[in-house]
Protein chains: 2
Amino acid sequence: MNTLAEENYLKSIYHLSIDAENVSTNQIAASLNTKASSVTDMLKKLSDKALINYTRYQGVSLTPSGEKIAVNIIRKHRLWEYFLVEKLKFKWDQVHDMAEEMEHISSAELIDRLDEFMDYPQHDPHGEPIPDCNGRFNASELTPISALRVNDSGTISGVRDHSSSFLQYLEKQQLTLGKKISIMEIVEFDHSMILQIENKKEIHISREAANNLLIAL
Amino acid sequence: MNTLAEENYLKSIYHLSIDAENVSTNQIAASLNTKASSVTDMLKKLSDKALINYTRYQGVSLTPSGEKIAVNIIRKHRLWEYFLVEKLKFKWDQVHDMAEEMEHISSAELIDRLDEFMDYPQHDPHGEPIPDCNGRFNASELTPISALRVNDSGTISGVRDHSSSFLQYLEKQQLTLGKKISIMEIVEFDHSMILQIENKKEIHISREAANNLLIAL
DNA sequence: TAAAAAATTTAGACTTATCTAAATTATGAA
DNA sequence: TTCATAATTTAGATAAGTCTAAATTTTTTA
């Protein structure tokens, strides 16, 4: 088995790999709130274990076995988040930190039974797809609202930022999963957008918010 | 907060304190599968934190704040065991190790909601009482079968040994929680006992088994 | 009650994961 | 294409938790 620190590095590298082929030492350090020198040490260790491909100064990528571990942690994280919201009635902005601890519970049988108990949910409370017990899942085909044009519309299906400040803001604006929105206007100056929610209320959101709100077309 | 190692020491000291006022270094070492010298180091640390009363060579006891932490861990352990058996349909001999990991999940609100979700169970799958959110619970008034006389009877309500080998043996003999048993005969030579289960089947159990099987009279 | 045995503690070392500061390598702008 | 800057790595230190071996204290027993 792997240590908690190793698992967190693998998970971080996995998430950062979505935007780039190779992940840099500084990116990992920033995402784990640690120093670049600590990252270098851990990269050597993970490389020795054949969980990452690492060449000095060149950044890293996960090997198939490293990716398998990372996906399994993500599966556990998302299933526990679903459990916390659906069964224990937490709000979607409350569950991230708890799931961050729970994702390290090791038993595979436990997580498979949890999956069954909840009837094999496909998405976590933030719209992220949940890998199945073989690690398979559909990479989400969601678009950030910021990529839409005036008159485009779709259903809110995910968020990129899981911070409770962002999620609470969305909740207050009624921008929750499942809501249908249409783009009414895009302000050229700052790329902020005016949306209509469910053909009723109109609201104005910043470019940054639009970048973090995902839509199924 | 406390580290995982600290929590495990406090829990161990709590359990050992049931049989004795003061707990010895060697007892702790045995129960945690570690060396006496490691225990001494940790005792100093816990003593500095005012979680235990410790005088060199004299053994230790928990302070009120140490006991509070220990009881909270035990509450979490037992609630998770109940969850695993009642919701995820694990057998009573499968849950100990998983709960050993889960008891360290820190959120108090999580565990209180789990308690509510399961409708405030009073006993874990092995008959141990579950402390409430204030750490209060009835110290169980159970008697080992080995203390009974011929013709005494009662209901199986708990086990002392949680090892899967013992629990599987009980399962096979139908000596599960809730069964009514009566003592038919005590063999003087080795103190083994012949019991009748639910006024039907008679079985023969060793003194050791009788010591670990608890009865409500 | 003194010596032997058992229990406990101390000393010093090791591992994991982290840090700061210094050195090295890569990159981008002139 | 060279040099300043940014990124990364190395060197050396620290803290937590563990270990072995040696020293000390307590307990037992003769």
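The analysis underlying the following values was restricted to heavy atoms, covering all of them including side chains, and did not include hydrogens, waters or symmetry mates.
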Between C1' of D/dT18 and CG of B/Leu32, the distance in whole Å: 12 Å

Residue closer to the 5' end of DNA chain C, B/Ala36 versus A/Asn33 (nearest nucleotide): B/Ala36

side-chain N/O A/Thr40 vs D/dT8 OP1/OP2, d < 4.0 Å: no

Whole-Å gap separating P (D/dT26) and CG (B/Asn22): 14 Å

Gap between atoms NZ and P, on A/Lys35 and C/dT16 respectively (whole Å): 24 Å

Distance-only donor-acceptor check, side chains A/Ser192 and A/Ser206, under 3.5 Å: no

Under-4.0 Å side-chain N/O to phosphate OP1/OP2 contact, B/Lys44 with C/dT9: no

Euclidean distance, atom CG of residue A/Leu4 to atom C1' of D/dA16 [Å, nearest integer]: 15 Å

Sugar-phosphate, base or nothing in reach of B/Ser38, heavy atoms under 4.0 Å: base

Atom pair NE2/CZ of B/His96 and B/Phe90 - distance to nearest 0.5 Å: 15.0 Å

A/Ser24 side-chain N/O to D/dA7 phosphate OP1/OP2 under 4.0 Å: no

Plane angle bin for A/Phe83 and B/Phe83 - parallel if under 30°, tilted between 30 and 60°, otherwise perpendicular: perpendicular

Heavy-atom side-chain contact between B/Val23 and B/Ile28 under 4.5 Å: yes

OP1 or OP2 of C/dT16 under 4.0 Å from side-chain N/O of A/Thr3: no

Protein-nucleotide distance (A/Asp41, atom CG; C/dT16, atom C1'), rounded to Å: 10 Å

Pair A/Tyr9 + A/Tyr14: ring centers closer than 6.0 Å: no

Rounded distance in Å - CG (A/Asn8) to P (C/dT16): 17 Å

Residue-phosphate contact under 4.0 Å: B/Tyr54 side-chain N/O, C/dT8 OP1/OP2: no

Lys/Arg-Asp/Glu bridge criterion (N-O < 4.0 Å) met for B/Glu100, B/Lys11: yes

Under 4.0 angstrom between B/Asn26 side-chain N/O and C/dA6 OP1 or OP2: no

Produce the list of close N/O pairs, under 3.5 Å, pairing protein atoms with atoms of nucleotides 21-25 of chain D; give distances to one decimal.
{"residue": "D/dT24", "atom": "O2", "partner": "B/Tyr57", "partner atom": "OH", "Å": "3.3"}
{"residue": "D/dT25", "atom": "O4'", "partner": "B/Tyr57", "partner atom": "OH", "Å": "3.3"}

Cationic tip of B/Lys89 above A/Phe117 ring, under 6.0 Å, 45° of axis: no

